[in-house]
Amino acid sequence: MTKRSPARVCKSVDDASELLKAVANPNRLAIVCHLMEAERSVAQLEEELGIEQPTLSQQLTHLRNAGVIAGRRDARNVVYEIRDRRVRPIIHALRMVFSDLEDMTMQKRGMGHLAGMDGAVDPETGRFDESMFD
């Protein structure tokens with residue numbers, strides 16, 4: 001029996017690992033989750049997440065350098081959005097796995113409508129609605 005080399009098992013394992021590392025911090029994960037819903041300015045992220053500005057800037061820089069997010073200047077503000085589309089299905093999967101915890105957290109913040117994967121799966125076919133990943 002021939003032993004498989006890791007490169008043949010998954011050609012993109014290094015890319016996948018780097019993407020997961022980029023969001024594998026509670027603050028960075030929270031930032032990405034919020035940016036999944038809509039683009040936001042630094043001030044909005046600071047207010048909504050309760051992350052102090054120096055820490056927020058450090059985490060935004062990390063995500064930007066990893067290519068996960070992109071920022072653009074809008075007058076006096078920098079507005080961030082998701083740049084790497086591969087992160088969307090990962091975050092959606094995390095929301096499905098951790099939906100109970102997220103639902104409670106989001107309800108407390110008055111954002112219950114953003115929690116979980118409502119409408120993501122067609123109840124008749126059990127298939128994902130791929131438009132959610134656009």
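Positions are given from 1, in the same order as the sequence printed here.
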TODO: With side-chain contact (heavy atoms from CB on, under 4.5 Å) as the test, would you mind laying out the steps for R86 and D15 before giving the verdict?
DONE: CA-CA 11 Å; R86 299 174 302 173; D15 290 342; 4.0 Å; yes
TODO: Determine yes or no for a side-chain-to-main-chain donor-acceptor pair under 3.5 angstrom, with S41 supplying the side chain and Q44 the backbone.
DONE: yes
Task: Heavy atoms from other residues, nucleotides or ligands near CZ of R72 exceed 12 (cutoff 6.0 Å) - done: yes
Open item on the list: Would you compute the distance between atom OG of S57 and atom NE2 of H62 and round it to the nearest 0.5 angstrom?
Closed with: 14.5 Å
Open item on the list: Minimum heavy-atom separation for L49 and A30, please, with both atom names.
Closed with: CD2-CB, 3.9 Å
Open item on the list: If you apply the rule side-chain contact (heavy atoms from CB on, under 4.5 Å), what do you find for D84 with I69, and how did you get there?
Closed with: CA-CA 7 Å; D84 189 336; I69 64 171; over 6 Å; no
Task: Residues, nucleotides or ligands: over 12 heavy atoms within 6.0 Å of Q53 CD - done: yes
- [ ] Check whether any side-chain heavy atom of V42 sits under 4.5 Å from a side-chain heavy atom of N77, and report yes or no.
- [x] no
TODO: Hey, could you give me the CD/CD1 distance between E46 and I31, rounded to the nearest 0.5 Å?
DONE: 11.0 Å
- [ ] Indicate yes or no for a side-chain donor-acceptor contact from R40 to the backbone of H34 under 3.5 Å, with no hydrogens or angles considered.
- [x] yes
Open item on the list: So R83 and V68, do their side chains get closer than 4.5 Å, heavy atoms only?
Closed with: no
Open item on the list: For the CD1 atom of I91 and the CG atom of L29, what is their distance to the nearest 0.5 Å?
Closed with: 5.0 Å
Task: Step-by-step side-chain contact (heavy atoms from CB on, under 4.5 Å) determination, L63 to L35 - done: CA-CA 12 Å; L63 289 166; L35 293 178; 5.9 Å; no
Task: Set of residues satisfying side chain to side chain contact (heavy atoms under 4.5 Å, CB included) with respect to N27, sequence neighbours excluded - done: N25, I51, T55, Q59
Task: Set of residues satisfying side chain to side chain donor-acceptor pair (under 3.5 Å) with respect to E81, sequence neighbours excluded - done: none
Task: Side-chain donor or acceptor of R73 paired with backbone N/O of V79 under 3.5 Å - done: no
TODO: Please test L94 against V23 for side-chain contact (heavy atoms from CB on, under 4.5 Å), starting from the C-alpha separation and ending with a verdict.
DONE: CA-CA 11 Å; L94 289 171; V23 297; 5.8 Å; no
Open item on the list: Less than 3.5 Å apart, any donor N or O on the side chain of Y80 or R64 sitting next to an acceptor on the other?
Closed with: yes
